[in-house]
Enquirer: 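So that we are looking at the same thing, I have put the structure below in structure tokens.
Each chain gets a letter, A, B and so on, in the order its sequence line appears, and its residues count up from 1.
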Amino acid sequence: MEKRLILDTDLLQITINRLVEELIENHKDFENTVLIGLQPRGVFLAHRIQKRLKERLNKELPLGLLDTTFYRDDFRRRETPIKANATKIPFIIEDKKVVLIDDVLFTGRTVRAALDAMIAFGRPKLVELLTFIDRKYTRDLPIQPDYVGRGVNTIKTQKVLVEWTDQGAESDKIWLVTNEEK
Amino acid sequence: MTNLSVNHLLGIKDLTTEDIQLIFQTADHFKDVINRPIKKVPSLRDITIANIFFENSTRTKLSFELAEKRLSADVVNFSSSNSSVKKGETLLDTVNNILSMKVDMVVMRHSSPGAAHFLSRNIEANIVNAGDGTHEHPTQALLDTYSIREKITDLQGKKVAIIGDILHSRVALSNIYALKKLGAEVMVCGPATLIPKYIGDLGVKISWDIKEALEWCDVANMLRIQLERQQLKYFPSLREYSLYYGLNKKLLDSLQKEIIVMHPGPINRGVEISSDVADSDQSIILNQVENGVAIRMAVLYLLAQKRQN
């Protein structure tokens, strides 16, 4: 197994700051905007984005957590079943601008499921996708992000590993992991 | 653990404690789903489920049907009262015919104990036992224990009294298995004629005095007197039963503590439980009904997960 560092702690923070500036450019005062982090791993990034936005705007944006397990199209087709996580959306999304946040965009299937899951809570006015790592050329579905932290060329057998201190890691880092060929 | 250890839900006896915990955790998520504006998820959209009821049922059948529809499964219903069973068709023939129509899962209620076991050995589909005679009613026990857990967090060391017609009750047997697996202490209470002779072998306490049972327990699960199974005289009259084994407000208030009151339904109001108790704050009867849908969604979802695509 080979591990290559894509983003170190400093670069990761700079990237978050840049993503937040891009959001501010488009959403101005965030009057009608809500954030939704995708379970399980997009939630850590979503909390960071919310925190940074609070520092910049002095305003706490509503943040929801969305689990897509029951909406996935690969139920019974995966080797290992996925365990459901909590969905907590304590606000109305009807007519809101929603920013969906996930850490890695790969095949696009999670985002497809997320769109489906989100509709169960109402009809948003607009949905945008923010992703930290965009694995280019690996999409199964025509889904593209609106905000990208870093685009990375990968092959299917590689994996992007995101480590957050919130999860118990020593520092925030993003790695590209290549498994040895069998 | 993300998967059940069994391919069918035939009884609580076959489940491990981890299986029960997994069903509860999954039901927590489904409970959240059924309280949303859109109460439906697409998980089982490629699965067809047959509800085969050889015995009358209102709430179990409705609850299963609702659970299946909320998971987006295709549902077919069958009840024996207006079917070819009346013309002499066997159980296996009936079910095989239904399966030829490409059914993936079968939810079955039958008056013969072991009917679900028999079916699981003979057909390919996943079987969910919705009650087999006086044997087991696993989803009822799961929703009962889930409802208690919701009220008092952990069942470990808690005392549960099951009061009423233990002899004819599949709910009692499944409840005993589930409660014991989750670490609770169980007492059964009822007239001596309605308590099976060897029930003590399951590790439960026995009492013939409702007052003693109520003073001992944290939770009282009042069972229905199964009027349809009372051809033999197990007790002199309903009035006498109600006098000696009925739970009323006076009896409840005479206790030094507040206990949780449950009933699997349908209730014979004024026989095993009085109306004011059934509708009181201590009663969680309607929570049981709500949790039934979430528990059944969890069971069907987890069994579908075990199916090879």
Side-chain angles (χ1 to χ4, degrees), chain A residues 34 36-43 46 62-96 98 100 107-125 127 140-141 143, chain B residues 1-7 18-49 67-74 102 104-105 124-126 293-309:
Chain A
V34 295
I36 291 183
L38 298 192
Q39 289 275 28
R41 308 184 60 90
V43 169
L63 168 64
L65 314 179
L66 185 66
D67 182 57
T68 62
T69 310
F70 301 131
Y71 297 84
R72 296 196 63 98
D73 57 8
D74 52 2
F75 177 59
R76 300 195 297 119
R77 290 165 182 83
R78 297 170 72 99
E79 279 176 18
T80 47
I82 343 171
K83 204 169 179 181
N85 283 288
T87 290
K88 280 185 194 145
I89 302 191
F91 44 79
I92 309 279
I93 66 161
E94 188 78 28
D95 228 22
K96 290 277 192 308
V98 176
L100 282 182
T107 59
R109 288 183 187 267
T110 305
V111 176
R112 189 221 54 81
L115 291 170
D116 211 355
M118 197 179 54
I119 300 303
F121 292 88
R123 181 182 181 273
K125 187 176 183 180
V127 185
D140 290 348
L141 299 168
I143 284 171
Chain B
M1 197 170 113
T2 50
N3 229 339
L4 290 179
S5 65
V6 291
N7 291 321
E18 290 75 33
D19 285 333
I20 298 177
Q21 298 292 4
L22 176 64
I23 293 170
F24 285 177
Q25 284 160 13
T26 313
D28 285 341
H29 299 301
F30 283 124
K31 203 168 168 189
D32 177 46
V33 168
I34 58 183
N35 283 306
R36 289 180 197 166
I38 296 174
K39 303 163 181 61
K40 208 171 161 95
V41 292
S43 304
L44 299 198
R45 66 188 141 200
D46 54 346
I47 299 263
T48 306
I49 304 179
E68 289 150 6
K69 288 182 172 164
R70 289 191 170 161
L71 288 165
S72 306
D74 291 319
K102 306 293 173 217
D104 305 295
M105 298 173 90
E124 288 289 308
N126 302 85
V293 179
I295 282 285
R296 288 174 177 122
M297 285 173 85
V299 166
L300 294 167
Y301 176 81
L302 290 168
L303 285 178
Q305 196 162 267
K306 293 278 287 185
R307 286 184 70 78
Q308 293 295 319
N309 193 40

Enquirer: Which class fits the ring pair B/Tyr301 and A/Phe70: parallel under 30°, tilted 30 to 60°, perpendicular over 60°?
Expert: perpendicular
Enquirer: Report yes if the side chains of A/Ile82 and B/Gln305 come closer than 4.5 Å at any heavy-atom pair, otherwise no.
Expert: no
Enquirer: Quick one: what part of B/Ile47 sits under 4.5 Å from any heavy atom of chain A, side chain, backbone, both or neither?
Expert: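 Just the side chain, heavy atoms under 4.5 Å.
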Enquirer: What part of A/Arg72 gets within 4.5 angstrom of chain B, counting heavy atoms only: side chain, backbone, both, or neither?
Expert: backbone
Enquirer: Strictly less than 4.5 Å between heavy atoms, which residues of residues 34-43 of chain B line up against chain A? Please order them by number.
Expert: B/Arg36, B/Pro37, B/Ile38, B/Lys40, B/Val41, B/Pro42, B/Ser43
Enquirer: Under 4.5 Å, counting heavy-atom pairs only, tell me which of B/Asp28, B/Asp32, B/Thr26 racks up the most with chain A.
Expert: B/Asp32
Enquirer: With a 4.5 angstrom heavy-atom cut-off, which part of A/Asn85 approaches chain B: side chain, backbone, both or neither?
Expert: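 Contact with chain B: backbone only.
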Enquirer: Crowded around A/Leu141 CG? As in, over 12 foreign heavy atoms under 6.0 Å?
Expert: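 For A/Leu141, atom CG is crowded (more than 12 foreign heavy atoms under 6.0 Å).
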Enquirer: NZ of A/Lys83 to CG of B/Leu22: how many Å apart, nearest 0.5 Å?
Expert: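 Here the interatomic distance stands at 6.5 Å.
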Enquirer: Among all residues two or more places apart in sequence or in another chain, which pass the ring pair (Phe, Tyr, Trp, His ring centres under 6.0 Å) test with B/Phe24?
Expert: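 Ring pair (Phe, Tyr, Trp, His ring centres under 6.0 Å) list for B/Phe24, sorted by chain: B/Tyr146.
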Enquirer: What I want to find out is whether B/Asp104 reaches A/Arg76 closely enough, with some N-O distance under 4.0 Å, to be called a salt bridge.
Expert: no
Enquirer: Can you establish whether the number of heavy atoms outside B/Lys31 located under 6.0 Å from its atom NZ is more than 12?
Expert: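 More than 12 within 6.0 Å, yes.
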